[in-house]
Amino acid sequence: MDNHSIAVIGGDGIGPDVLREGQLVLETLSELTGALGWEFQEFPWSCDHYLEHGLMMPEDALDTLKPFDAIYFGACGFPSVPDHISLHGLLLPIRQTFQQYINLRPVQLLPGIRSPLVGKSAEDIDFLCVRENTEGEYGGVGGRLHRGMPHEVAVETVVFTRTAVERVVRYSFELAKRTGRSHVTNVTKSNAQRHSMVFWDDVFDEVAAEYPETTTDRSLIDAAAARMVRNPESYDALVASNLFGDILTDIGGALMGSLGVPPSANINPDGGYPPLFEPVHGSAPDIAGKGIACPIAAIWAAAMMVEDLGHPEESKLIMDAMTDVTASGTLTPDLGGKATTVEFGQAVCDALRKRAG
Ligand code: GGG
């Protein structure tokens with residue numbers, strides 16, 4: 001039995017609900033295969049924690065998290081706390097301090113789920129987004145001056161370092177190679193942002209020269225967004241900055257039928273820190289507490305965690321069981337079904353049992 005310690009941060013809104021289903025699936029997997037076991041430790045870090053203690057997480061939270069094998073994260077943000085405080089107080093410091101410089105987000109249409117794109121099938125919607133995850137537009141560098149005065153000013157500086165751009169671009173090419181993909185699209189906005197994004201393009205071209213077997217193209221973010229809707233099959237793998245990757249993968253979620261579907265892995269491929277796995281979606285305050293949130297993204301994120309922990313067969317078993325369920329038409333309301341969060345999670349556990357024989 002390969003035991004893994006997992007820090008569980010449910011966070012806000014629907015976060016804890018969808019993670020609960022992911023944990024049940026992981027526990028069922030453990031029961032059935034006997035190959036891996038879980039030591040979950042839950043941390044109540046969230047907007048409620050902020051309201052009680054003035055901090056989204058304690059001062060020593062990152063020291064507490066560091067020894068874990070992985071972090072399983074729900075969602076961050078609720079109307080009770082300004083969004084920039086919740087995001088910069090919880091998720092972003094974890095990504096930055098643990099140098100989780102890759103945010104890997106698959107865009108893939110699952111069986112039984114209809115994309116809003118008429119005439120597009122699972123063959124058309126199947127690509128990987130690699131988002132830079134430590135700097136760029138999310139670095140938090142800047143400030144506000146003359147608050148409340150007519151000449152008030154706000155400055156937010158975008159930061160791109162050669163180290164960060166090079167490593168995320170190189171990862172994209174390596175990922176393409178490893179997953180049998182032959183094309184990488186570079187998404188920037190280098191006509192308008194003539195310093196930082198031209199620099200990114202230069203670094204991309206330098207790294208691309210090391211991978212002559214992989215074809216490339218360049219797309220400006222606005223055109224890339226339109227292309228994702230008009231022609232998703234033209235993407236194989238793409239690499240983008242923190243902000244652009246964030247926006248494009250919400251479009252990706254829409255193509256996958258609902259934002260309740262896409263998962264996300266925050267990884268430091270160099271090791272030394274725990275990776276973090278989470279749904280792409282946020283806390284969805286409008287449906288929080290209603291029991292109807294889609295747990296697919298959370299379960300898929302759990303499958304990515306199992307793979308990253310060195311169990312690719314068990315990860316595939318989770319995905320196969322989950323796609324048995326989607327293919328059977330058991331879906332939550334956001335996907336046109338009637339299943340509750342708990343019913344969907346239960347159906348995945350049942351499908352796992354069936355597959356395990
Ligand atoms: N499940 C992650 C979450 O809470 N996402 C909401 C969000 O706004 N995330 C911003 C980001 O991924 O950078």
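Indexing begins at 1, ligand by ligand and atom by atom, following the structure's order.
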What do you reckon, does [X] put a non-hydrogen atom under 4.0 Å from ligand 1?
{"X": "Glu137", "value": "no"}
{"X": "Ser283", "value": "no"}
{"X": "Val280", "value": "yes"}

What protein heavy atom sits nearest [atom], and how far off is it?
{"atom": "atom 8 (O) of ligand 1", "result": "Leu87 CD1, 4.5 Å"}
{"atom": "atom 3 (C) of ligand 1", "result": "His281 O, 3.4 Å"}
{"atom": "atom 2 (C) of ligand 1", "result": "Glu278 OE1, 2.7 Å"}
{"atom": "atom 12 (O) of ligand 1", "result": "Arg95 NH2, 2.9 Å"}

List every atom of ligand 1 that sits less than 4.0 Å from any heavy atom of [X], numbering the atoms from 1 in the order shown and giving each element.
{"X": "Gly74", "answer": "1 (N), 2 (C)"}
{"X": "Asp246", "answer": "10 (C), 11 (C), 13 (O)"}
{"X": "Ala75", "answer": "1 (N), 4 (O)"}
{"X": "Cys76", "answer": "3 (C), 4 (O)"}
{"X": "Pro279", "answer": "1 (N), 2 (C)"}
{"X": "Arg105", "answer": "12 (O)"}
{"X": "Gly282", "answer": "3 (C), 4 (O), 5 (N), 6 (C)"}

Donor-acceptor side-chain pairing of [X] and [Y] below 3.5 angstrom:
{"X": "Asn186", "Y": "Thr216", "value": "no"}
{"X": "Thr161", "Y": "Glu135", "value": "yes"}
{"X": "Ser46", "Y": "Asp48", "value": "no"}

For Met305 and Ala70, which heavy atoms make the closest approach, and how far apart are they?
SD-CB, 3.8 Å
Any chance the rings of Phe204 and Phe173 have centres within less than 6.0 Å?
yes
How about His84 and His88: are their ring centres within less than 6.0 Å of each other?
no
Is NZ or CZ of Arg95 both nearer than 6.0 Å to the six-membered ring centre of Tyr101 and within 45° of the ring axis?
no
Does Arg181 make a cation-pi contact with Phe127, if we ask for NZ or CZ under 6.0 Å from the ring centre and within 45° of the axis?
no
Evaluate Leu29 against Leu36 for side chain to side chain contact (heavy atoms under 4.5 Å, CB included), listing each step before the verdict.
CA-CA 8 Å; Leu29 179 77; Leu36 64 176; 4.1 Å; yes
Asp17 bridged to Arg20 by N-O distance under 4.0 Å
yes
For ligand 1, does Asn103 get within less than 4.0 Å through its side chain, its backbone, both, or neither, judged by non-hydrogen atoms?
neither
Looking only at distances, can you tell me whether any N or O atom of Tyr138, backbone or side chain, sits closer than 3.5 Å to an N or O atom of ligand 1?
no
